[in-house]
2 protein chains.
Amino acid sequence: MEAPAPEDELNFCQACTVRNRAICADLETYEIALLNKIGRRRRLEAGESLMWEGDDAVYVANVVSGVLKLSTQTSDGREQILGLAYPSDFLGRPFGNTSPYNAEALCETVVCVFRRTDFERFALDHSRLEHKLLERTLSELDRTRRWMLLLGRMNAEERLAALLLEIGARSVAAGCGNSADADIDRFELPMSRQQIADILGLTIETVSRQLTKMREDGIIEIRGRRKVTICKRGVLEKLAA
Amino acid sequence: MEAPAPEDELNFCQACTVRNRAICADLETYEIALLNKIGRRRRLEAGESLMWEGDDAVYVANVVSGVLKLSTQTSDGREQILGLAYPSDFLGRPFGNTSPYNAEALCETVVCVFRRTDFERFALDHSRLEHKLLERTLSELDRTRRWMLLLGRMNAEERLAALLLEIGARSVAAGCGNSADADIDRFELPMSRQQIADILGLTIETVSRQLTKMREDGIIEIRGRRKVTICKRGVLEKLAA
DNA sequence: GCAGTAGTTTGACCTGAATCAATGACGTGT
DNA sequence: ACACGTCATTGATTCAGGTCAAACTACTGC
């Protein structure tokens with residue numbers, strides 16, 4: 001296939017749905033054009049991986065649409081999900097040689113990938129980008145540390161309450177803020193029960209039991225396997241506090 | 001007291017024991033002089049706090065000597081330690097309004113503090129500093145994520161093994177690399193049993209029992225309450241893997 | 001619409017770590 | 001050198017969540 005004309009390449013970034021929220025948000029038009037030259041889009045199927053823990057960190061990426069899970073595991077195979085990456089989130093390990101986690105798409109996902117070395121060179125020359133990346137990394141560190149409190153000190157019920165609230169909030173934040181499904185109390189779980197268990201440091205049976213209990217208590221409604229409605233937000237918030 | 005002469009101010013930073021390892025490492029002499037003007041040293045007693053979770057983020061700091069714990073708690077008082085800060089580590093939340101954690105000295109500690117706003121202004125003008133801060137934040141995020149695997153998926157024995165190895169490694173890395181006590185297998189725990197429990201998401205009794213078990217198995221030796229020697233490093237590494 | 005299947009729920013039981021309760025020991029100050 | 005207070009250890013018991021096993025149910029492809 002022919003390379004697109006320069007105008008198209010520019011439009012490629014400028015028409016991007018995460019253009020104003022990702023780390024490229026503060027860049028000037030000419031910088032966007034440069035960044036556009038070193039990046040390319042990639043589509044991932046559900047279950048497809050973008051990088052593996054321990055492998056050479058070849059790529060970094062921005063999430064354009066979809067959701068990915070970042071995970072790691074013990075030597076004997078117990079998995080722990082480290083976080084979820086939603087649209088506009090940044091993925092990968094700049095200024096490091098190996099990937100610190102696996103990144104796997106949970107549904108059909110589009111990412112904007114850069115060779116790590118290209119990206120690093122660009123970042124070093126464009127401190128606005130580096131600054132955005134720093135702000136994002138600091139926020140991610142805060143979020144990760146809050147998750148440590150959950151894993152270290154909360155019981156199963158509290159963990160599930162925290163996750164449901166977080167997914168509701170992030171599903172909306174990740175959307176484009178325009179559509180009718182931007183309801184913080186009504187969303188679709190982007191992952192299976194097993195993956196919920198791997199996020200919360202629980203087993204699938206415990207997750208299932210707690211979900212059933214919440215349903216029986218009228219705190220949530222579940223339709224199908226993944227459609228959730230929060231009925232008593234206050235109760236969840238109290239549990240997760 | 002008189003302000004020190006400019007030469008002394010300069011020397012203050014240049015003679016700093018963490019000068020070559022902290023985020024100021026890559027700065028030019030003139031930049032160091034500028035940074036020196038906005039920072040000041042502060043000594044903390046064991047148990048004294050530098051910042052509280054939820055408070056306005058007024059200060060950021062570099063650790064010069066000693067150790068601090070970063071912690072958070074649930075609304076009903078269960079505590080989780082989020083990490084330890086050793087010499088040359090950076091503390092605080094630049095580009096954020098509130099402190100995401102409590103920071104409390106575990107022993108007599110010296111920090112180099114900056115008003116956050118002063119520091120941010122300096123960082124924005126000196127991208128070398130911002131780059132160092134980014135690298136450090138990315139490393140800290142990696143470390144924190146590894147800890148999530150521990151909290152989510154490891155049992156008490158494995159958690160303790162991981163902590164002992166980490167403390168050994170960081171005690172040495174934090175030293176100046178010159179002294180005789182730079183032995184990775186022989187170090188002093190900088191915290192009480194309760195604090196170990198709060199780091200590992202366990203109770204004090206479980207920590208004590210596991211430590212006793214490791215002593216009985218000849219994996220470690222403990223003299224007094226806090227002096228630890230690792231006798232069978234291989235066993236610990238296997239447990240923590 | 002049906003069958004097949006992966007994913008989920010539910011039940012029975014077990015276990016590791018928490019909790020409750022003494023007892024013991026380190027290190028501090030006198 | 002002693003006594004006190006804090007911190008740590010040890011023991012007995014409980015319980016949340018894990019494990020094992022058996023249904024069940026929502027999607028898939030035909």
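Below, chain A is the first sequence line, B the second, and so on; all start at residue 1.
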Quick one: do A/R153 and A/E158 make a salt bridge, cutoff under 4.0 Å?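 A salt bridge is absent here (no side-chain N lies under 4.0 Å from a carboxylate O).
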Could you check which of D/dT10, D/dA21, C/dC26 has an atom nearest any side-chain atom of A/E205? D/dA21
Picking from C/dC20, D/dG17, C/dT8, which would you name as closest to the side chain of A/Q210?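 Selected nucleotide (nearest to the side chain): D/dG17.
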Position toward the 5' end of DNA chain D (nearest nucleotide), A/M154 or B/Q194: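 The 5'-side residue here is B/Q194.
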5' precedence on DNA chain D between B/S208 and A/R226 (nearest-nucleotide basis):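 Result: B/S208.
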What integer distance in Å separates [X]:[atom1] from [N]:[atom2]?
X      : N      : atom1 : atom2 : result
B/L189 : C/dG27 : CG    : C1'   : 16 Å
A/R153 : C/dA17 : CZ    : C1'   : 12 Å
B/K227 : C/dG27 : NZ    : P     : 7 Å
A/I204 : D/dG17 : CD1   : C1'   : 15 Å
A/K213 : D/dG17 : NZ    : P     : 10 Å
A/Q195 : C/dA6  : CD    : P     : 16 Å
B/R215 : D/dA8  : CZ    : C1'   : 11 Å
B/M214 : D/dA8  : CE    : P     : 17 Å

Can a donor-acceptor pair be found, under 3.5 Å and without considering hydrogens, that links the side chain of B/E188 to the backbone of B/V228?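 Looks like no, no N/O pair under 3.5 Å.
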With distance as the sole test, does A/N155 use its side chain to make a donor-acceptor pair with the main-chain N or O of A/E157 at under 3.5 Å? yes
Look at all strands and tell whether B/T212 reaches a base, only sugar-phosphate, or nothing, counting heavy atoms closer than 4.0 Å. sugar-phosphate
How would you label the contact of B/L211 with the nucleic acid (heavy atoms, under 4.0 Å): base, sugar-phosphate, or nothing?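 The answer is nothing, as B/L211 stays clear of every strand by at least 4.0 Å.
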Qualifying residue for side-chain hydrogen bond (donor to acceptor under 3.5 Å, both in side chains) with A/E53, from A/T98, A/N102, A/T72: A/T72
Whether [X] contacts [N] is assessed here as follows: a side-chain N or O lying under 4.0 Å from the phosphate OP1 or OP2. Is that the case?
X      : N      : value
A/S192 : C/dG7  : no
B/R209 : D/dT10 : no
A/T203 : D/dT19 : no
A/R225 : D/dC27 : no
A/T206 : D/dG18 : yes

Minimum heavy-atom distance between B/D217 and B/K232, given as atom pair plus value: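 Reported closest heavy-atom pair: O-NZ, 3.2 Å.
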